[in-house]
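The sequence lines fix the lettering, A, B, ..., with proteins before strands; numbering per chain opens at 1.
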There are 2 protein chains.
Amino acid sequence: MDIIEINKVLSNQARIDILHWLKKPEANFPVQVNVPDFSDGVCVCHIQDKTGLSQSTVSHYLAMMHKVDLLIATRHGKWTYYKRNENEIFNYINSLKNEL
Amino acid sequence: MDIIEINKVLSNQARIDILHWLKKPEANFPVQVNVPDFSDGVCVCHIQDKTGLSQSTVSHYLAMMHKVDLLIATRHGKWTYYKRNENEIFNYINSLKNEL
DNA sequence: TTTATATATCGAAATATATCGATATGTTTA
DNA sequence: TAAACATATCGATATATTTCGATATATAAA
């Protein structure tokens with residue numbers, strides 16, 4: 001739990017948006033055809049479409065968010081699905097209350 | 001209340017430390033001789049001493065934190081005192097809960 | 001087994017941040 | 001009024017971040 005690194009990751013609107021969108025995947029992303037539901041999150045291509053950024057940038061952003069444990073990644077075949085790590089997000093906000 | 005800008009400001013250990021130290025000025029800073037107590041906060045020179053950074057860097061950091069309303073500045077004579085803006089800090093953490 | 005597709009990584013250019021010393025500004029004191 | 005002092009601002013350099021297109025890798029489909 002490195003608050004500084006998480007704050008760096010969350011110093012960018014697209015990354016904040018992604019985290020927010022993933023709170024309600026069914027409301028923010030199209031239905032997925034290769035998995036039954038959103039229980040493993042949303043595939044990179046849908047997130048990319050929604051941000052309008054390049055594929056490499058979005059992949060990089062998701063990797064950053066994954067590296068600081070804000071997201072959980074699951075691979076199904078050629079797709080990678082990302083979902084929120086609610087525990088870590090909760091711990092982060094809680095740590096802020098104490099550290100700040 | 002710009003979460004992104006606040007997160008940028010809080011992506012630095014010295015600035016996090018300053019905010020934390022100001023939570024208990026009497027425990028973290030020497031007694032001040034030109035004001036009766038810590039009710040307006042702590043003067044720049046004491047904060048500078050504690051960080052070990054240059055005067056210009058500390059002044060710049062405090063200005064950044066003031067700009068996003070994390071700190072309140074009060075001038076007494078040739079000294080500037082900075083204290084936490086508890087309202088804004090509270091609002092920031094609360095916004096994170098909703099936005100993230 | 002070749003081809004197509006999804007994602008990750010690499011390398012580069014543009015922009016932003018960190019941090020300093022020097023200097024300017026404002027205030028007090030001699 | 002001049003000197004001293006606290007803080008703010010300026011200008012510069014080093015380092016980090018942003019973002020892209022190109023390429024590599026892994027998997028699935030033909």
Discussion item. Using a 4.0 Å heavy-atom cut-off, does A:Tyr82 contact any base of the nucleic acid, only the sugar-phosphate backbone, or nothing at all?
Written reply: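 Since only primed, P, OP1 and OP2 atoms lie under 4.0 Å of A:Tyr82, the category is sugar-phosphate.
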Item to complete: Name the nucleic acid region contacted by A:Ser59, choosing base, sugar-phosphate or nothing; use a 4.0 angstrom heavy-atom cut-off, strictly under.
Response: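 A:Ser59: base contact, heavy atoms under 4.0 Å.
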[X] [atom1] to [N] [atom2], straight-line distance once rounded to whole Å:
| X | N | atom1 | atom2 | answer |
| --- | --- | --- | --- | --- |
| A:His60 | C:dA12 | NE2 | P | 16 Å |
| A:His76 | C:dA6 | NE2 | P | 16 Å |
| A:Gln48 | D:dG21 | CD | P | 11 Å |
| B:Ile6 | C:dT17 | CD1 | P | 15 Å |
| B:Asn7 | C:dA16 | CG | C1' | 16 Å |
| B:Leu10 | C:dT17 | CG | C1' | 15 Å |
| B:Asn34 | D:dT7 | CG | C1' | 14 Å |
| B:Asp40 | D:dA6 | CG | C1' | 17 Å |

Side-chain H-bond candidate by donor/acceptor type, [X] with [Y], under 3.5 Å:
| X | Y | answer |
| --- | --- | --- |
| A:His76 | A:Asp40 | yes |
| B:Ser54 | B:Thr57 | yes |
| B:Tyr92 | B:Asn7 | yes |

Quick one: which of [options] gets closest to the side chain of [X]?
| X | options | result |
| --- | --- | --- |
| A:Lys8 | D:dC20, D:dT17, C:dA8 | D:dT17 |
| A:Lys78 | C:dT5, C:dA8, D:dT7 | C:dT5 |
| A:Trp79 | D:dT7, C:dT7, D:dT18 | C:dT7 |
| A:Val44 | D:dA8, C:dT7, D:dT18 | C:dT7 |
| A:Ser54 | D:dT18, D:dT7, D:dC20 | D:dC20 |

Worksheet item: Are B:Ile89 and B:Tyr81 connected in the hydrophobic side-chain network, where two residues link if heavy atoms are under 4.5 Å apart?
Response: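 No, no single cluster joins them.
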Fill in: Donor-acceptor pair under 3.5 Å, B:Gln55 side chain vs D:dA8 base
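Looking at the base of D:dA8, it does pair with a donor or acceptor on the side chain of B:Gln55 (distance under 3.5 Å).
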Worksheet entry | Distance-only donor-acceptor test, A:Ser56 side-chain atoms vs D:dG21 base atoms, 3.5 Å |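 Flag set: donor-acceptor pair detected.
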Worksheet item: Just by distance, do the side chain of B:Arg84 and the backbone of B:Leu19 share a donor-acceptor pair under 3.5 Å?
Response: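 Between the backbone of B:Leu19 and the side chain of B:Arg84 there is a qualifying donor-acceptor contact (under 3.5 Å).
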Discussion item. For C:dA8 and A:Arg75 - does any side-chain N or O of the residue sit under 4.0 Å from the phosphate oxygens OP1/OP2?
Written reply: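 The answer is no; no side-chain N or O of A:Arg75 sits under 4.0 Å from OP1 or OP2.
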Discussion item. Between A:Gly77 and A:Ser11, which residue's closest nucleotide on DNA chain D lies nearer the 5′ terminus?
Written reply: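 Upstream on the strand: A:Ser11.
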